[in-house]
Amino acid sequence: MSGVTNWAGNVSFASELQRPRSVPELQELVAAAEKVRVLGTGHSFNRIADTSGTLVSVADLPGVIEVGPRGVTVSAGLRYGEITAALQAEGLALHNLGSLPHISVAGACSTGTHGSGDGNGPLADAVNAITFVDARGELVTLTREDPDFAGSIISLGALGVTVSLTLDVQPSYQISQVVYDGLPVERLGTDFDEVMGSAYSVSAFTDWVDPDVMVWRKRRELGTPDPEWLGARLADGPRHPIKVMPADYATQQGGVPGAWNERLPHFRLEFTPSNGDELQSEYFVPRERAAEAFEVLRALGNKFAPIIQVSEVRTIAADDLWLSPSQGRDTVALHFTWIQDEAVVRPVVATLEEALAPLDVRPHWGKVFAADAATLAERYPKVKDFIELAAKYDPAGKFRNEYLDTFLPRG
């Protein structure tokens with residue numbers, strides 16, 4: 001083993017990490033290699049990035065943050081926190097952000113990372129152009145107008161090594177973040193549209209046993225929040241998503257207005273996450289089946305209890321990206337942070353997926369799941385098209401690995 005691990009430390013990679021310092025150096029490296037995979041900031045919880053060949057980071061490529069007519073073009077290895085601060089300084093913004101600002105732009109987009117909000121697509125939905133190094137070592141640029149584009153952004157690293165992305169921007173805006181304690185768990189189902197539509201971005205935290213749910217509302221309306229709401233009460237101080245954890249590193253709450261990039265993430269950029277003692281899974285169901293999903297999860301609550309740290313409920317607007325968990329449908333995201341013990345987590349994950357199966361559930365590509373290739377091809381309708389697209393840019397399978405061979409096998 002190389003000694004290189006993912007963020008959580010549950011995956012050790014087989015190869016030493018190569019860190020080219022220029023795009024031409026990266027092109028030469030890719031052209032000469034028999035097998036290549038890219039490691040971003042390591043926030044995936046399975047072997048999606050592993051390879052027996054050359055493991056590459058693009059974090060040392062020259063940093064580019066350049067505003068142009070199509071939006072902002074950024075280097076693939078930059079972290080969201082770096083580019084959003086630069087955009088805010090220019091009076092510009094992105095449509096949404098994930099919970100951590102520490103994740104790399106290319107890694108987040110390629111695996112389907114998302115924030116929350118009834119009107120907000122995943123982070124990859126903001127991409128309007130991509131440049132990557134293909135299997136020949138050549139640079140390829142695709143724009144939103146290209147027929148291959150919809151399959152090229154959430155690509156799991158199967159098309160090539162992303163060098164840069166161009167993102168849609170909008171004028172900067174402010175967010176005020178308020179937290180409510182004690183939402184009755186039943187109301188998460190009976191009043192779902194009101195709960196999740198109550199702010200620009202909403203997250204609900206539960207363990208599916210506790211009768212009370214904690215709700216984080218990130219509002220573009222900057223007025224004084226109501227002291228009570230749907231049976232919940234305004235928090236009397238800052239909160240962490242996991243109730244027993246200190247809130248020191250959470251983004252500012254209490255309804256204090258701040259720039260979008262300082263409120264949409266759950267955590268501050270200046271907080272550098274240590275290796276997380278956890279595993280994560282995430283599942284996506286059609287929005288109209290949210291209440292059914294909550295019934296399933298509450299019924300499984302006692303199975304979760306020994307291994308769960310917290311579960312988060314978010315919403316995502318439909319998009320047209322082929323491997324997106326929200327492709328073709330407004331979606332509810334059901335996230336689980338488990339203890340770091342695969343031996344006890346995996347059987348529960350298998351039970352959870354079986355229980356959610358009638359709801360046309362899709363697992364997150366970068367987290368712990370039990371689904372096989374046939375199930376993934378059924379739940380993600382564009383899988384066949386994507387496999388053909390990957391073969392177009394990588395006919396010999398240079399970017400394939402055991403993960404892709406298992407879950408997206410070629411015919």
Mind checking whether His335 and Phe205 have ring centres under 6.0 Å apart? no
With distance as the sole criterion, is a donor-acceptor pair present between the side chains of Glu82 and His102 under 3.5 Å? no
Nearest 0.5 angstrom please: Asp319 CG to Leu321 CG, how far? 4.5 Å
Heavy-atom side-chain proximity of Ser116 to Ser201 below 4.5 angstrom: yes
Is it true that the NZ or CZ of Arg220 lies under 6.0 Å from the centre of Tyr200's six-membered ring and within 45 degrees of the ring axis? yes
Is there a side-chain contact between Ile316 and Asn120, using heavy atoms and a 4.5 Å cut-off? no
So, the side chain of Arg362 versus the backbone of Gln327: is there a donor-acceptor pair under 3.5 Å, distance only? yes
Is the shortest heavy-atom distance from the side chain of Val285 to the side chain of Asp360 under 4.5 Å? no
Within the 3.5 Å criterion, strictly below it, is a donor on Asn128 or Thr166 matched to an acceptor on the partner's side chain? no
Starting from the C-alpha separation in whole Å, work towards a yes-or-no answer on salt bridge (charged side-chain N to carboxylate O under 4.0 Å, His left out) for Asp193 and Arg287. CA-CA 10 Å; Asp193 287 344; Arg287 183 190 176 100; 2.9 Å; yes
Ser44 (side chain) donor-acceptor with Gly42 (main chain) under 3.5 angstrom: no
Check the orientation of Trp338 and Phe336. Use parallel for under 30°, tilted for 30 to 60°, and perpendicular for over 60°. parallel
Go through it in stages, so that I can follow the logic: the residues are Val179 and Val215, the test is side-chain contact (heavy atoms from CB on, under 4.5 Å), and I'd like the CA-CA distance, side-chain angles, deciding distance and then a yes or no. CA-CA 6 Å; Val179 176; Val215 181; over 6 Å; no
Listed by chain and number, what are the ring pair (Phe, Tyr, Trp, His ring centres under 6.0 Å) partners of Tyr180, not counting sequence neighbours? Trp229
Tell me, yes or no, whether the heavy-atom count around Glu66 atom CD, taken from other residues, nucleotides or ligands under 6.0 Å, exceeds 12. no
Tell me, please, which residues at least two apart from Pro358 pass side-chain contact (heavy atoms from CB on, under 4.5 Å). none
How long is the span from the OG1 atom in Thr111 to the CD1 atom in Ile48, to the nearest 0.5 Å? 6.5 Å
Rounding to 0.5 Å, atoms CG (Leu389) and CG (Leu159) come to a distance of 4.5 Å
Would you confirm whether Ser15, through its side chain, and Gly53, through its main-chain N or O, come within 3.5 Å as a donor-acceptor pair? yes
Scan Glu312, Arg314, Arg217 and name whichever one has a side chain to side chain donor-acceptor pair (under 3.5 Å) with Ser203. Glu312
Among Arg47, Arg400, Lys35, whose salt bridge (Lys or Arg N to Asp or Glu O under 4.0 Å) with Asp405 holds? Arg400
If you measure only the distance, is there a donor-acceptor pair under 3.5 Å linking the side chains of Thr141 and Thr131? yes
Report yes or no: does Ser75 contribute a side-chain atom to a donor-acceptor pair with the main-chain N or O of Val64 at less than 3.5 Å? yes
Ionic contact status for Arg70 with Glu145, cut-off 4.0 Å: yes
How many angstroms lie between CD in Glu194 and CE in Met196, if you round to the nearest 0.5 Å? 12.5 Å
So do the side chains of Val348 and Ile307 get within less than 4.5 Å of each other, counting heavy atoms only? yes
Counting C-beta onward and ignoring hydrogens, is there a side-chain heavy-atom pair between Thr41 and Trp7 closer than 4.5 Å? no
Quick one: which residue pairs count as a salt bridge (charged side-chain N to carboxylate O under 4.0 Å, His left out) with a foot in residues 167-184, not counting sequence neighbours? Arg144-Asp168, Asp181-Arg239
Heavy-atom side-chain contact between Val133 and Val163 under 4.5 Å: yes
Considering all heavy atoms of both residues, which atom of Thr51 and which atom of Ala14 are nearest to each other, and what is their separation? O-CB, 3.6 Å
Salt bridge or not for Asp134 and Lys398, using N-O below 4.0 Å? no
Please determine whether a side-chain nitrogen of the Lys or Arg among Arg298 and Glu186 lies less than 4.0 Å from a carboxylate oxygen of the Asp or Glu. yes
Measure from the side-chain N and O atoms of Asp148 to the backbone N and O of Ser152, and report whether any donor-acceptor pair falls under 3.5 Å. no
Output for pair (Ile339 CD1, Asp277 CG), nearest 0.5 Å, gives 8.5 Å
Aromatic ring proximity Trp322/Tyr380, centre distance under 6.0 Å: no
When you check the side-chain N and O atoms of Glu278 and Gln280, is any donor under 3.5 Å from an acceptor? yes
Among residues at least two apart in sequence or on other chains, which ones pass salt bridge (charged side-chain N to carboxylate O under 4.0 Å, His left out) with Asp146? none
Taking side chain as C-beta onward, heavy atoms only, is Phe304 less than 4.5 Å from Leu352? yes
Backbone N/O of Glu25 and side chain of Ser22: donor-acceptor pair under 3.5 Å: yes
Restricting to side-chain hydrogen bond (donor to acceptor under 3.5 Å, both in side chains), what partner residues turn up for Glu292, sequence neighbours left out? Arg289
Anything under 30° is parallel, anything over 60° is perpendicular, the rest tilted; go ahead and classify His114 against His364. tilted
What is the minimum heavy-atom distance between Val361 and Glu353, and which atoms define it? CG1-O, 4.4 Å
Atom CD of residue position Glu388 - does it have more than 12 heavy atoms of other residues, nucleotides or ligands inside 6.0 Å? yes
Under 3.5 Å, side chain of Thr162 to main-chain N/O of Ser164, donor-acceptor pair present? no
Drop me the distance from Lys367's NZ to Tyr283's OH, to the nearest 0.5 angstrom. 11.0 Å
Evaluation steps, side-chain contact (heavy atoms from CB on, under 4.5 Å), between Leu17 and Phe13: CA-CA 9 Å; Leu17 188 63; Phe13 296 102; over 6 Å; no
pair Gln174-Glu221: side-chain heavy atoms closer than 4.5 Å: no
Phe132 ring center near Tyr393 ring center (under 6.0 Å): yes
Throw together a table of side-chain donor-acceptor distances under 3.5 angstrom for residues 86-95, partners on residues two or more places apart or in other chains.
residue : atom : partner : partner atom : Å
Gln88   : OE1  : Ser172  : OG           : 2.6
Gln88   : OE1  : Trp260  : NE1          : 2.8
His95   : NE2  : Gly121  : O            : 2.9
His95   : NE2  : Pro122  : O            : 3.3

Have Ser57 and Gln18 got a donor and an acceptor in their side chains that come within less than 3.5 Å? no
